[in-house]
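What follows is a set of notes on a single structure, which appears directly below.
Please read all numbers here as calculations on a predicted model, not as lab measurements. Positions are given from 1, in the same order as the sequence printed here.
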Amino acid sequence: MSLQFKISALLLAVFMLFGVFIYAVQQFVILPSFVTLEREDARDDIERVVQAVQREVSALAQQASDWSTWDDSYRFLEDGNSEFREANLTELGVFDLLRVDLLYFIDVAGNVVWSVVYDRNTGESIKLEERSDTVLPRDHPLISLKGDKRGLRGVMSTSRGPM
C-alpha cells in the first residue's frame with residue numbers, strides 16, 4: 001500500500017467519523033431542543049388565539065347585553081314595530097356598527113321576531129342550514145337559559161364555519 005492511499009483512507013475515515021458525529025449531535029442534541037422550542041411557541045400561539053377569541057366573545061356578549069336591556073328592543077320583541085326595524089336594523093348599518101354577521105331577535109317563547117345572517121364582505125344575506133326563521137326548538141341552548149343572568153357565550157359550529 002502506498003502512503004498516498006493510506007493518507008486518503010485515513011482522511012476519508014476521519015471525514016466519515018466527523019459526519020457521523022455531526023449527524024448524532026444534530027439528532028440527539030440540537031433537534032430535540034428545537035422541537036421543544038417549536039412546541040412552546042405553538043402553545044404560546046394557541047394561547048394568544050384563545051385569548052383573542054375570548055376577548056371577541058366578551059365584547060359580543062357586552063353588545064348583546066346592551067341591546068337586550070334596551071327598552072326599544074324589548075318593545076320590538078313585543079310588537080315588532082317597523083320604526084325600530086327601519087331605524088336600527090338596516091343590514092348595512094347594524095352589521096357594520098356591531099361588526100357582526102348574524103343577528104337574531106328571539107322572544108322568551110323561542111319565536112324568532114327578526115333575524116338575518118349577513119356577509120359583510122360580499123354584502124349578501126347568507127343561508128345557514130342550522131338557522132330557523134320562525135321558532136327555535138325548546139331544547140336550543142338560547143331558549144333553555146330562562147332565568148340565567150349570566151347568559152350564554154361562546155363559539156358555535158355552523159355549516160359556514162365557527163360563529
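- In the hydrophobic clustering of this structure, V25 groups with F34; members are Ile, Leu, Val, Met, Phe, Trp, Tyr whose side-chain heavy atoms approach within less than 4.5 Å, directly or through other members.
- Counting only heavy atoms from C-beta outward, the side chains of E47 and R43 never approach each other to under 4.5 Å.
- Between atom OG of residue S33 and atom CD of residue E38 there is a gap of 10.5 Å, rounded to the nearest 0.5 Å.
- Residues W67 and Y74 keep their aromatic ring centres 6.0 Å or farther apart.
- Between the side chain of N111 and the backbone N or O of D107 there is no donor-acceptor pair closer than 3.5 Å.
- Smallest separation of non-hydrogen atoms from Q27 and L31: OE1-CD2, 3.7 Å.
- Using a 4.5 Å heavy-atom threshold, the side chains of I126 and D101 count as separate.
- Atom CZ of R99 is surrounded by 12 or fewer heavy atoms from other residues, nucleotides or ligands within 6.0 Å.
- In this structure, Y23 is not a member of the same hydrophobic cluster as V14, with clusters built from ILVMFWY side-chain heavy atoms closer than 4.5 Å.
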Self-check item: Stepwise side chain to side chain contact (heavy atoms under 4.5 Å, CB included) test for Y104 and V116
Solution: CA-CA 7 Å; Y104 268 69; V116 69; over 6 Å; no

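- In this structure, Q51 places its CD atom where more than 12 heavy-atom neighbours from other residues, nucleotides or ligands lie under 6.0 Å away.
- Taking the side chain as every heavy atom from C-beta outward, V49 and D45 never approach each other to under 4.5 Å.
- In this structure, D72 CG and L77 CG are separated by 11.5 Å, a value rounded to the nearest 0.5 Å.
- Within the model, atoms CD1 of I7 and CG of L12 stand 13.5 Å from one another, a figure rounded to the nearest 0.5 Å.
- For the pair F15 and L10, the minimum side-chain heavy-atom distance is 4.5 Å or more.
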Self-check item: Evaluation steps, side chain to side chain contact (heavy atoms under 4.5 Å, CB included), between E83 and E86
Solution: CA-CA 5 Å; E83 294 86 24; E86 291 168 7; 5.5 Å; no

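- Under the 3.5 Å distance criterion, the side-chain polar atoms of S8 are matched with a main-chain donor or acceptor of Q4.
- The shortest side-chain heavy-atom distance between L103 and L89 falls under the 4.5 Å cut-off.
- Ion pairing of R153 with E56 is absent here, as no side-chain N (NZ or NE/NH1/NH2) approaches a carboxylate O to less than 4.0 Å.
- Between V100 and L60 there is a side-chain heavy-atom pair separated by less than 4.5 Å.
- Side-chain contact between F84 and F105 is present, with at least one heavy-atom pair separated by less than 4.5 Å.
- Side-chain contact between F76 and W114 is present, with at least one heavy-atom pair separated by less than 4.5 Å.
- In the hydrophobic clustering of ILVMFWY residues, with side-chain heavy atoms under 4.5 Å counting as a link, V20 and L11 come out apart.
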